[in-house]
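Everything on this sheet refers to the single structure shown next.
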Amino acid sequence: MQIPVFTVDAFTNRPFFGNPAAVCLLENDLDEDLHQKIAMEMKLSETAFIRKLHPEDDFARSSCFGLRWFTPANEVPLCGHATLAAAAVLFLVQKNKNSVLTFVTLSGELRARQVEDHIVLDLPLYLTYPQVLQEVEELIKAAVGDMVVQDLRYSPGTKKLLVRLSDAYERSVLEELQVSAQCFLSAEKTGKVKGLILTLKGNSSGKHKGYDFYSRYFAPWYGVLEDPVTGSAHAVLSSYWSEQLGKKEMLGGSQLHLC
């Protein structure tokens with residue numbers, strides 16, 4: 001069986017920037033174990049598999065497809081940048097002429113639409129709830145050491161832990177923070193947390209004014225030490241910061257990443 005595989009740099013208009021994802025077009029059913037083997041070989045944070053829902057479906061003409069995402073370690077319930085990459089392959093490579101594409105996923109139906117020269121995704125919004133520090137204290141210590149934590153939230157729908165650092169910190173503090181994500185695995189073994197978000201309120205002035213918040217995202221439990229631009233994390237961040245800032249529209253959370 002030959003499977004077309006594409007590598008797409010999501011969230012950017014420049015080669016070798018953004019967040020790369022692999023996209024596989026499945027003409028026929030694929031053995032379950034091959035999904036994971038292909039993702040392991042691709043060695044990217046996510047590999048997306050687009051499948052036809054009916055034998056008569058066509059990648060260039062149909063508007064609804066199945067979509068699954070795999071990290072090098074396992075399958076995940078949601079991935080924003082790989083969804084964007086999948087839509088880009090269908091719209092731009094397969095020349096799909098539908099204005100809206102629907103993906104049937106583990107997180108429900110997700111939609112991608114073309115707006116001029118952009119692709120817009122509709123992602124679910126995940127609520128967060130106060131998290132008791134004592135339950136995750138070892139993990140917090142491994143992530144930020146003795147830094148001041150202003151708020152701690154948990155998203156049960158995504159198993160993500162959101163750690164908001166003190167507003168007294170500047171963006172550079174988050175950007176320069178040395179994080180050993182591999183240590184998270186020994187600090188959190190219960191299975192409750194599968195992703196850790198470090199976030200900071202944006203500045204209203206200075207060089208980086210205009211951003212509502214900054215963030216970094218780590219998911220070593222899924223085989224991804226740090227993900228540079230993460231749609232699924234922003235499905236949590238958007239909910240949290242919308243509540244905190246009293247805003248329904250925010251200037252994209254500028255996610256930081258150290259290469």
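Here the structure is a predicted model, which is why all the values come from computation and not from measurement.
One N or O on the side chain of Thr199 and one on the backbone of Tyr214 form a donor-acceptor pair closer than 3.5 Å. When atom types are taken as modelled, the side chain of Lys159 and the backbone of Lys194 share no donor-acceptor pair closer than 3.5 angstrom. A donor-acceptor pair under 3.5 Å links the side-chain atoms of Asn98 to the main chain of Ser62, judged by distance alone. Remark: the backbone N or O of Cys79 is not paired with any side-chain donor or acceptor of Ser232 at under 3.5 angstrom. Looking only at distances, no side-chain donor or acceptor of Arg216 sits under 3.5 Å from a matching main-chain atom of Glu226.
Remark: the Gln36 side chain and the Asn74 side chain contain no N/O donor-acceptor pair separated by less than 3.5 Å. No donor-acceptor contact under 3.5 angstrom links the side chains of Tyr211 and Arg171, judged on distance only. If you check the side chains of Gln244 and Ser242, you find no donor sitting under 3.5 Å from an acceptor. Counted by atom type alone, Thr83 and Trp69 present one or more donor-acceptor pairs between their side chains at under 3.5 Å.
Ring-centre distance between Phe65 and Phe59: below the 6.0 Å cut-off.
The residue from Ile197, Val224, Val179, Thr230 that alone fulfils the side-chain contact (heavy atoms from CB on, under 4.5 Å) condition with Phe218 is Val179.
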Do any side-chain atoms of residues 132-143 form donor-acceptor pairs under 3.5 angstrom with protein atoms, and if so which ones, sequence neighbours left out?
unit_1 : atom_1 : unit_2 : atom_2 : d
Glu135 : OE1    : Gln131 : NE2    : 2.8
Glu135 : OE1    : Lys192 : NZ     : 3.2
Lys141 : NZ     : Asp146 : OD1    : 2.4

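Between Thr158 and Leu78 the shortest side-chain heavy-atom distance does not fall below 4.5 Å. Considering only heavy atoms from C-beta on, Tyr217 stays 4.5 Å or farther from Leu196 through its side chain.
Cation-pi contact between Arg68 and Phe49: absent, since separation from the ring centre below 6.0 Å together with deviation from the ring axis within 45° is not met.
Applying the side-chain hydrogen bond (donor to acceptor under 3.5 Å, both in side chains) test to residues at least two apart or on different chains, the pairs with a partner in residues 10-21 are Asn19-His81, Asn19-Asp227.
The two atoms that bring Phe6 and Gln94 nearest to each other are CZ-NE2, 4.3 Å, heavy atoms only.
Residues Leu225 and Tyr222 do not share a hydrophobic cluster, clusters being chains of Ile/Leu/Val/Met/Phe/Trp/Tyr side chains in contact below 4.5 Å.
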